[in-house]
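Please read these numbers as outputs of a predicted model, since none were measured by experiment.
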Number of protein chains: 2
Amino acid sequence: MQISSRFTIALHVLACIAVFEKQLKVTSAFLSGSVNVNAVIIRNILLQLKAAELIRVERGTGGAYLEQPADEISLLDVYKAIEPLEKETLFRFHDNPNPRCPVGRNIHGILDQRLLDVQNTMENELQSMTLADILSDLTTKLQKEKKE
Amino acid sequence: MQISSRFTIALHVLACIAVFEKQLKVTSAFLSGSVNVNAVIIRNILLQLKAAELIRVERGTGGAYLEQPADEISLLDVYKAIEPLEKETLFRFHDNPNPRCPVGRNIHGILDQRLLDVQNTMENELQSMTLADILSDLTTKLQKEKKE
DNA sequence: CCCTGTTGTAATTACCTTCATTACATCAAT
DNA sequence: ATTGATGTAATGAAGGTAATTACAACAGGG
């Protein structure tokens, strides 16, 4: 099972806002064109990013803007804004192990901590990367493009 | 989006096999009773664990057995046996970013490496834990049960 | 004040994955 | 041959993803 593409879409959206917000009005239609998914999907993602206070969206006139500096928006911030993980655990657990089996009645307690460790490790890695890193990679790539 | 419960089911199954294989015939019906999911689900998981050479399954007579020592079966081995992500990545990517947008035509290349780093970090953590660790936790818990 | 462009939001649809369930062929030992 | 188990296919329900249509709410310009 994979993590939904809405996460990478959100990163794409944030990168677009950072790059274009000074030059033009970054609307859901514009973002829809760059990401190439339906504008309603974009708008829902914008709502989630706004709820997490990562961006600001102008209601009537249109346009999205970063609400925090790029180096303070970590990939974990975006991940948590987008992924509505039930009970916050990455790993789903089978519901009703048999309490009359010594393994069945203990497996949940045993695995919970270890799987949480795995999840925390992953989230720490996500926290170590910021939108600024993405933007830095991007300018590097764009400069390479110019040379050719 | 969460990782399928088939992963924790597989760990439950392996723990049961390790605990019971010397005492009784560990059949899919028995495992189904301990895990509390349908026997066909168990059988399919057993097939995947067998394909990964983690267990052996007796065809006509029935019964599953560990094919490797518990301290050589890492949680990553189980994860890879169960989750059919072989060629795919943990993070799904939106398909067709607009190549005429400077962000759109570069976002994939930029994010790929960073998301792969995150995935590798998670997998390394999974590799550091083995079935023997789970069994050790289990015996500790069972001894505590006895005291009460 | 109304028109226009945009956001916020609901509803519908199609598709995919997970898991439960039924059914049955295959197999090994007695 | 009978028995008890595995291997495997097919179907259905439930839930999530994403596309799409539709429209109310809103802000600014003419």
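- If you take CD1 of A:I45 and P of C:dT7, they are 14 Å apart, rounded to a whole angstrom.
- Taking atom CZ on A:R56 and atom P on C:dT6, their separation rounds to 17 Å, with Å as the unit.
- Other residues, nucleotides and ligands contribute at most 12 non-hydrogen atoms within 6.0 Å of the CD atom of B:E53.
- Between A:N44 atom CG and C:dG8 atom P there is a gap of 10 Å when expressed in whole angstrom units.
- The backbone N or O of B:A132 sits nowhere less than 3.5 Å from a side-chain atom of B:D71 that would complete a donor-acceptor pair.
- In terms of the salt bridge (charged side-chain N to carboxylate O under 4.0 Å, His left out) criterion, residue partners of B:E58 (sequence neighbours excluded) are, by chain and number, B:R56.
- Listed nucleotides C:dG8, D:dG7, C:dT6 differ in distance to B:K50; the shortest reach to its side chain belongs to D:dG7.
- In this structure, the CG atom of B:L46 is 14 Å from the C1' atom of D:dT8, given to the nearest Å.
- With sequence neighbours left out, the side chain to side chain donor-acceptor pair (under 3.5 Å) criterion links A:Q113 to A:D117.
- Evaluation of the side chain to side chain donor-acceptor pair (under 3.5 Å) test over residues 5-26 of chain A, restricted to residues two or more places apart or in two chains, returns A:R6-A:Q48, A:T8-B:H94, A:H12-A:S34, A:H12-B:H94.
- Distance B:F7 CZ to C:dC19 P: 13 Å, rounded to the nearest Å.
- The overall bend of the helix from C:dC1-D:dG30 to C:dT30-D:dA1, read as the angle between its terminal helix axes built from five base pairs each, is 10° when rounded to 10 degrees.
- The OH-P distance, from A:Y65 to C:dT6, rounds to 12 Å in whole Å.
- To the nearest angstrom, C1' of C:dG8 lies 15 Å from CG of A:L49.
- A heavy atom lying under 4.0 Å from DNA chain D marks the following residues of residues 14-25 of chain B, by number: B:K25.
- To the nearest 0.5 angstrom, A:L54 atom CG is 9.0 Å from A:L66 atom CG.
- Within 4.0 Å (heavy atoms only), A:L47 reaches sugar-phosphate atoms of the nucleic acid but no base atom.
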What does nucleotides 17-30 of chain D look like as a protein-contact string, B for base, S for sugar-phosphate only, - for none, at under 4.0 angstrom between heavy atoms?
-SBBBB--BBS---
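- Judged by distance alone, the side chain of A:N98 and the main-chain N or O of A:G104 form no donor-acceptor pair under 3.5 Å.
- With values rounded to the nearest 0.5 angstrom, A:R43 atom CZ is found 8.0 Å from A:N38 atom CG.
- Distance CD1 (A:I42) to C1' (C:dT7): 13 Å, rounded to an integer number of Å.
- For the pair B:N44 (side chain) and B:I41 (backbone), a donor-acceptor distance under 3.5 Å is absent.
- Under a 3.5 Å cut-off, the side chain of B:D133 and the backbone N or O of B:T130 do form a donor-acceptor pair.
- The CG atom of A:L31 sits 5.5 Å away from atom CD1 of A:I42, with the distance rounded to the nearest 0.5 Å.
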